[in-house]
Amino acid sequence: SNSRRLEILQLGNPRLRDTAQAIASSSDPALQALIDQLLVTMHASNGVGIAAPQVGQPICLVIVASRPNPRYPDAPEMEPVPMLNPRLLSHSDETVKGWEGCLSVPGIRGLVPRYREIEVEYGDRHGNLRRQVFTDFVARIVQHEVDHLNGLVFVDRVE
Ligand SMILES: O=C(O)C[C@@H](Cc1ccccc1)[C@H](O)SCc1ccccc1
Ligand SMILES: [Zn+2]
């Protein structure tokens, strides 16, 4: 198949990130099943994103799936994007405050500052390395989900 082996990092001490045992590769059927499970869980919660640790899987995997919603009516409609080992390469100095919620912190909303623009490197679900710039609400979701991989939730960032 055309999927390349991309070693998915296990969460743990960020300093050990480079030595993290690769626990799954993108061609691993179990990883593809996990991506599908995350999509189902995200849609069931009317979410616009989700991170693997939120379903108890301590691996570097998130899904970003912006769509218009009551708080962000002009948010872009996008195909859900699974990101393996997402890494922020650069960001704007400019931050914007916006409302966030979280599957793991039900019933609470907070005003959170996020970079307005970010550049992200990640593996797609087929193991191909991607580099992409995101802005505004989609950039917010990416930052929110990557925080989950580092054990942070949005309440940690409310000013
Ligand atoms: O816990 C999660 O990752 C799902 C989050 C995704 C999110 C991140 C940043 C900003 C908004 C949402 C939400 O629970 S999805 C529900 C939602 C949708 C739109 C606006 C606010 C909350
Ligand atoms: Zn969350």
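Residue indices begin at 1 and follow the sequence shown. All ligand and atom numbering here is 1-based and tracks the order in the structure.
- For Arg109 and Trp99, the positive end is not near the middle of the six-membered ring at less than 6.0 Å and at most 45° from its axis.
- In summary, the side chains of Ser104 and Gln54 do present a donor paired with an acceptor at a separation below 3.5 Å, with no hydrogens or angles considered.
- The number of heavy-atom neighbours closer than 6.0 Å to CD of Glu77, taken from other residues, nucleotides and ligands shown, is above 12.
- Counting only protein N, O or S atoms closer than 2.8 Å to the Zn ion (ligand 2) gives 3.
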Check: every ligand 1 N/O to protein N/O pair under 3.5 Å:
residue, atom, partner, partner atom, Å
ligand 1, 1 (O), Gln54, NE2, 2.9
ligand 1, 1 (O), Leu103, N, 2.8
ligand 1, 1 (O), His144, NE2, 3.4
ligand 1, 3 (O), Gln54, OE1, 3.4
ligand 1, 3 (O), His144, NE2, 3.2
ligand 1, 3 (O), Glu145, OE1, 2.9
ligand 1, 3 (O), Glu145, OE2, 2.7

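- Checked against salt bridge (charged side-chain N to carboxylate O under 4.0 Å, His left out), Glu159 has the following partners two or more places apart in sequence or in another chain: Lys97.
- Note on Arg116 versus Glu94: salt bridge recorded, some NZ/NE/NH1/NH2 to OD/OE distance being below 4.0 Å.
- Shown here are the side chain to side chain contact (heavy atoms under 4.5 Å, CB included) partners of Arg130, two or more places apart in sequence or in another chain: Tyr122, Asp124, Asn128.
- Ion pairing between Arg114 and Asp136 fails under the 4.0 Å rule for side-chain N and carboxylate O.
- Under 3.5 Å, the side chains of His144 and Glu100 contain a donor-acceptor pair of N or O atoms.
- Judged purely by atom type and a 3.5 angstrom limit, Ser66 uses its side chain to pair as donor or acceptor with the backbone of Pro76.
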